[in-house]
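Below: one structure, written as structure tokens.
This one's a predicted model, so the numbers in the text were calculated from it and none came from an experiment. So you know, we letter chains A, B, ... as the sequences are listed, proteins then strands, and number each from 1.
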Amino acid sequence: MSFADLGLIPELQRAVSETGYTEPTPIQQQAIPVVLSGLDMMGAAQTGTGKTAGFTLPLIQRLARHASTSTSPARHPVRALVLAPTRELAVQVHESVETYGKYVPLRSICIYGGVDMRGQIEALRRGVEIVVATPGRLLDHVQQKTIQLGQVEILVLDEADRMLDMGFIPDIRRILDLLPAQRQSLLFSATFSEEIKKLADRMLKNPTLVEVARRNMVSETIEHRVHPVSAGLKRNLLAHLLRHEPDAQALIFVDTKLLCGRLAHYLTRQGISADAIHGDKSQGQRTETLEAFKSGRLRVLVATDVAARGLDVDDLPLVINFELPHTAEDYVHRIGRTGRAGRSGNAISLVCAEEKGRLAEIQKLIGLDIPQEVVPGFDPEPDYDEVGTHKRKHRDAAPRASAAKATAPTPAAAPAAAAPTAAPRRSGGDARPTRGRRDKRVAADGFDFSKPYAPASEDNAAPTVDDRSSGRRDKRPVAVLLGGLGRK
DNA sequence: AAAAAAT
């Protein structure tokens, strides 16, 4: 199977081969023909499997059929709109559009906040067919009448489950209201919650579902591990682990912007090259820091979930959850920054007693029991074993539980004096992924693809909105609040 | 329960 077999035009084949890719990934093999056919679709695939090219390539081709070579701005209406949840991701998707659209006479632009509007306005004035944007700044342009969306033929929501979550819905609805009802709509994500599936059903017209390896929403090439550790010793353990692997780049996730900055500062004081990225940093700093990390100049990046989705760092060997995310889906996205494109990766989570509930949810979602290993000298709280899941206590007291127990008796020693321990194994031929037991029953209930798009009926209770911003619980179905999303 | 996204 080659890109030519998928029916891509020579201009795109040439651009693809220049990037070095020779064979389309499974998601690309399935998505490209569907998008080319003009049908609505919903694409679910593992992180790091080439989803972006899966829609940018056919999107460009569809527009290329009637590309205008005119220099008049009036002949270059916006014909494709791609929305992304973070500025960095928008930039990355736009880079893909530019790369693959190199030999096609189409113009594109990336629109996002935190930067001067003038350049964007100027480019829009000259005319662009493809717009990649974050919602806020796009609406800003709409209000200022510097962009016109009435001729959009193709809409893409990248990281669709995030784009359709509570915080984004009002913006998305406003944008959808501006688009022609007659259009092609495409949704892509690694995870689709039940709620999002229902929203998607209202947004799309007879959507084709393209879904690759849903059982393994996390890559088989990622080795997961949990280090039970008391909350107070987490940062010491982190420094310890990073020192043990002095060369490996690492992406560290935390839950809050405050801790993000503090942790980067702590690591720096410990002599570890680290920087922070989060939403309170200036856009200039965000761009610069990410660029330093992507290029390898920066070794450790501490991040909030601003970096959880979509970001593609070449051959990143290690992701560490300093705190477990509150939502199990976010675990999938966070660790999806490693083990990409078939490479191996390590996902380490530092888990204190308080977080055991989150751990249980994550294991349920990904259908995997993550091996737990106490690092000597960095013990968890005494009540770690009593809190949260107790399912493996006696029954099936195999590797994981015993490993934790075996090392647990070590008295809490001074962290600095802690004995070296099994550190993240890096790729290499001998590092085989340690897979836990996979619970098929659990894995299957994440998103039932066997009967997608069941119309939201009464017995199919529609999700409701918890509108925290207005401080009240709104029990109307989400679909009602969305209004304009419906197009059936 | 937090973060992100316009200023």
Side-chain angles (χ1 to χ4, degrees), chain A residues 81-94 110-121 124 131-147 157-176 178 189 191 193 196 231 251-263 276-287 289-290 301-311 321-334 337 352 354-362 465-469 471 473:
Chain A
L81 175 62
V82 182
L83 295 174
T86 67
R87 297 164 182 172
E88 286 77 8
L89 189 51
V91 167
Q92 195 176 286
V93 171
H94 182 245
C110 191
I111 286 185
Y112 55 93
V115 296
D116 198 287
M117 273 189 101
R118 279 172 297 192
Q120 296 173 0
I121 291 172
L124 287 167
V131 170
V132 182
T134 50
R137 177 58 70 85
L138 181 71
L139 284 167
D140 201 350
H141 280 285
V142 167
Q143 256 177 345
Q144 302 202 27
K145 302 210 191 309
T146 44
I147 194 168
L157 294 193
D158 195 15
E159 300 298 337
D161 62 337
R162 170 61 86 232
M163 300 308 292
L164 293 177
D165 87 4
M166 286 309 125
F168 272 117
I169 279 184
D171 282 353
I172 299 299
R173 180 188 170 175
R174 251 173 259 138
I175 291 166
L176 293 185
L178 301 164
S189 186
T191 59
S193 70
I196 297 309
L251 177 58
I252 321 287
F253 283 104
V254 294
D255 284 345
T256 64
K257 291 179 275 201
L258 187 64
L259 179 58
C260 188
R262 284 182 178 171
L263 194 56
I277 187 167
H278 59 68
D280 278 353
K281 294 262 185 182
S282 75
Q283 191 52 43
Q285 283 177 307
R286 280 168 63 165
T287 306
T289 303
L290 187 62
L301 180 60
V302 186
T304 59
D305 279 328
V306 69
R309 284 162 185 265
L311 288 191
N321 287 302
F322 189 81
E323 301 171 294
L324 284 180
H326 287 85
T327 308
E329 273 86 6
D330 288 336
Y331 179 86
V332 175
H333 291 282
R334 284 181 178 186
R337 300 315 102 219
C352 63
E354 201 190 310
E355 296 170 296
K356 283 202 73 181
R358 299 184 198 176
L359 178 59
E361 303 238 334
I362 288 162
V465 171
D466 182 2
D467 188 349
R468 290 171 202 284
S469 54
R473 262 191 110 79

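Among the nucleotides dA5(B), dA6(B), dA3(B), the one closest to the side chain of E88(A) is dA5(B). Side-chain proximity of T86(A) to the nucleotides dT7(B), dA2(B), dA4(B) is greatest for dA4(B). Of the candidate nucleotides dA1(B), dT7(B), dA5(B), dA5(B) has the atom lying nearest to any side-chain atom of F168(A).
Protein atom CD1 of I111(A) is 10 Å distant from nucleotide atom P of dA6(B), rounded to whole Å. Following rounding to the nearest Å, H326(A) (NE2) and dA3(B) (P) show an atom-to-atom distance of 9 Å. For the pair L157(A) CG and dA4(B) P, the interatomic distance rounds to 20 Å; values are reported in whole Å. Look at NZ on K145(A): it is 19 Å from P on dA6(B), rounded to the nearest Å. Rounded to a whole Å, the CE atom of M117(A) is 10 Å from the C1' atom of dT7(B). Distance H333(A) NE2 to dA4(B) P: 16 Å, rounded to the nearest Å. Going from atom CD of E354(A) over to atom C1' of dA1(B) covers 11 Å, rounded to whole Å. Summarising the geometry, the separation between CD on E323(A) and P on dA1(B) is reported as 14 Å, rounded to the nearest angstrom.
In this view, T304(A) satisfies the side chain to side chain donor-acceptor pair (under 3.5 Å) rule with no residue, not counting sequence neighbours.
A close approach under 4.0 Å does not occur between any side-chain nitrogen or oxygen of T327(A) and OP1 or OP2 of dA1(B). Distances shorter than 4.0 Å separate none of the side-chain N or O atoms of R174(A) from OP1 or OP2 on dA5(B). Proximity of T134(A) to the phosphate of dA4(B): no side-chain N or O atom is located under 4.0 Å from OP1 or OP2. Close to dA6(B), at under 4.0 Å from its OP1 or OP2, lies a side-chain N or O of R87(A).
Nucleic acid contact class of D140(A) (heavy atoms, under 4.0 Å, all strands): base. Residue contacts for R286(A): at a heavy-atom cut-off of 4.0 Å it reaches the sugar-phosphate backbone alone, with no base atom in range. G167(A) comes within contact range of at least one nucleobase, with a heavy-atom separation under 4.0 Å.
R358(A) has a carboxylate O that lies under 4.0 Å from a charged side-chain N of E355(A), or vice versa, which qualifies the two as a salt bridge. Under the 4.0 Å criterion applied to side-chain N and carboxylate O atoms, R309(A) and D165(A) are not assigned as salt-bridge partners.
To the nearest 0.5 Å, the span separating CG on L311(A) from CG on L251(A) amounts to 8.5 Å. Within the model, atoms CZ of R286(A) and CD1 of I277(A) stand 6.0 Å from one another, a figure rounded to the nearest 0.5 Å.
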